[in-house]
Amino acid sequence: MKEVRVRFAPSPTGALHIGGIRTALYNFLLARQNKGTMILRIEETDQTRYVPGAEAYIMESLAWVGITIDEGVGVGGPYAPYRQSERKDIYKQYAQQLIDEGKAYYAFDTEQELDAMRERLKAAGVDNQQYNSITRMQMRNSLTLSEKEVKEVLQSGAPYVIRLKVPKKEEIRLNDLIRGWVLVHAAQIDDKVLMKSDGMPTYHLANVVDDYLMKITHVIRGEEWLPSAPFHVLLYKYFGWENEMPHFAHLPLLLKPDGNGKLSKRDADKMGFPIFPLNWKDPQSGELAIGYREAGYLPEALLNFLAFLGWNPGTTQELFSMDELTQAFSIDRIGKAGAKFDIQKAQWFNQQYLRAKTDEELGKILLDLLASQKIEYPLAQAMKIANVMRDRITFARDLWEQGRFFFHAPTEFDQGVVNKRWNEEAVKVLAAFKDEVLKENDELTADRAKSILEGVTATLGIGTGKILQALRLSLTGAGGGPDLMMIMEIIGKNEVAKRITHAIQTLKMKVA
RNA sequence: GGUCCGUUCGUCUAGGGGUUAGGACACCAGAUUUUCAUUCUGGUAACACGGGUUCGAUUCCCGUACGGACUACCA
């Protein structure tokens, strides 16, 4: 069997969108599964849209989620260069070949002339206002001008483009791996521009030429390319590359969560979730967009989530590592319909992956979080916190945000709990408990804390359950949280005593 | 407008001529947890519509509706 060669070919016009990551992932999985090659090609044939930093961003994003590139920009390879701007001469040569063979032609029409043509057709009630087999004969191009005139215009240095001469009557068919046979009549395809007046190729030419030269076997890309795919097939035909033509697979789109339409940055902002893998600061506006990484998502969780948007293994298993995805992936299990983006499911995946981490892994993550708060803390303690917090968090940062009380005594107390649970009985127990705790010689363990507390309540003849909330309140300021005894073990006896004392003082007035 | 693509619970989806139409997220309820979260158990909830074909259609075919993509010298 032929070696599988796939490519991810983004355009560096800004940050890589989450949908792009999914496209890259599917390509990557197919490559890995078949021991093939994953290629990164940068398609920046439009200089006006080029954004500095976008290319580096793309590469960093792919690296972060664990999609490794075998060949292409950044790593090199036998078909270099992999940046389309550096392959200008190649495209020119192929465009010339089509001209020579009469399959393409020069067109000299100005923008105004093109507009005028569309207006004219529109006014005449023609649905299809295209530059095509009919209209091209009324325009200024090498088909309508004499050979001598064409030569003159070319020599005068006037701007021109090269267009493909699409046949009038022909049925173009393409067998999409996801959608099956797609038929299009050539009459519905326009004479697309192959070479722009600035000497750069359009996507269509560059894409086909590169895929052919780079021996690409599978083109997996977004559905937005489906309408132009027949045109690409035609190009392969014109070049005589039909036998080398890659398989096409047009992926369903990622849709916005509410309403309809393609998922956009605007929707993401509106709904409050990231759309880019990494933070992205727009060099034009200076605006910062938060990325999944910075929002606290684990790369493996994001990947797993994305993999399931449009694909599924056909079993009930949902948690897949990259290796497992590689095993299970198959193009024929990709769905046809667009998938609405549901951030809640992404959060669930993140939760699952967070839980699967060891105390040590999670403890270290907490230490990083603490470092940014300028808090130094022992790993052994951080691991204990990780252990009690694990099942309560969705994001790594919740370790800090929901566990502040481990590091700072509460400054405020939940009023609802105060009203309900803070009373004289509780104060009595707490004061006695504090005294007992301070008498301890050893470090306070959870078990020890519990027996001391039970001793105190037994002596005073008050039910332990009645004052537990008050104790929690005094230690954390809130009415909910992880196991209270463990909290005491982690913060230590002196801190326990200090906080109880402080709470009794602060809340005294409120009882009366 | 035109061309192309699509349509199973709110969402991601499985399934496929005869099923109690399955799972997951979310949601709701109960149990456990003296709290909260977790966990467990249970529950609400879907084949867009109309015609065919067929003994039988959610499944196949055709329409309609709805949605989407494309319709640039952008990718």
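Sequence lines set the chain letters: A, B, ... in the order given, protein chains first and strands last, and positions in each chain run from 1.
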Using whole Å, what does the distance between atom C1' of nucleotide B:C5 and atom CD1 of A:Ile334 come to? 15 Å

Could you tell me how far apart A:Arg179 (CZ) and B:U3 (C1') are, to the nearest whole angstrom? 15 Å

Looking at residues at least two apart in the chain, or sitting in another chain, which of them share a salt bridge (Lys or Arg N to Asp or Glu O under 4.0 Å) with A:Asp198?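 With sequence neighbours excluded, A:Asp198 shows a salt bridge (Lys or Arg N to Asp or Glu O under 4.0 Å) to no residue whatsoever.
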
Which residues share a salt bridge (Lys or Arg N to Asp or Glu O under 4.0 Å) with A:Asp210, sequence neighbours left out: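 With neighbours one apart ignored, the set is A:Arg41, A:Arg87.
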
Distance-only criterion, 3.5 Å: show the donor-acceptor pairs between side-chain atoms of residues 157-173 of chain A and protein atoms not counting sequence neighbours.
from, atom 1, to, atom 2, distance (Å)
A:Arg163, NH1, A:Asp191, O, 2.7
A:Glu170, OE2, A:Lys237, NZ, 3.2

Side-chain donor or acceptor of A:Lys345 under 3.5 Å from a matching atom on the base of B:A26? no

Listed pairs, N/O of protein and of nucleotides 28-31 of chain B, under 3.5 Å:
none

With sequence neighbours left out, what residues match [X] under side-chain contact (heavy atoms from CB on, under 4.5 Å)?
| X | value |
| --- | --- |
| A:Ala458 | none |
| A:Met245 | A:Val233, A:Tyr236, A:Phe248 |
| A:Lys336 | A:Ile178, A:Arg179 |

Can you give me every donor-acceptor pair (side chain of residues 223-231 of chain A, partner residue at least two apart or in another chain, under 3.5 Å) with its distance?
from, atom 1, to, atom 2, distance (Å)
A:Ser228, OG, A:Trp225, O, 3.2

Paired to B:U7 by Watson-Crick or G-U wobble criteria (both distances under 3.5 Å) is B:A65

Return the nucleotide paired to B:U39: Watson-Crick means purine N1 to pyrimidine N3 with N6-O4 or O6-N4, wobble means G-U with N1-O2 and O6-N3, both under 3.5 Å.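 Its partner is B:A31.
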
Scan nucleotides 63-75 of chain B nucleotide by nucleotide, 5' to 3', and note B when protein non-hydrogen atoms come under 4.0 Å of the base, S if they reach only the sugar-phosphate, - if neither. ----SSSS--BBB

Summarise how protein sits on nucleotides 38-43 of chain B as a single string, 5' to 3': B when a protein heavy atom is under 4.0 Å from the base, S for sugar-phosphate-only contact, - for no contact. SS----

Going by atom type alone, with no hydrogens or angles, which donor-acceptor pairs under 3.5 Å involve a side-chain atom of residues 270-277 of chain A and a protein atom two or more places apart or on another chain?
none

Specify whether A:Phe308 and A:Phe320 have parallel, tilted or perpendicular ring planes, treating 30° as the upper limit for parallel and 60° as the lower limit for perpendicular.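 Because their plane-to-plane angle lies in the 30° to 60° range, the rings of A:Phe308 and A:Phe320 count as tilted.
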
Sorted by first residue and then second, give each salt bridge (charged side-chain N to carboxylate O under 4.0 Å, His left out) pair with at least one member in residues 305-319 of chain A; sequence neighbours left out.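 Non-adjacent pairs meeting salt bridge (charged side-chain N to carboxylate O under 4.0 Å, His left out): A:Glu318-A:Lys345.
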
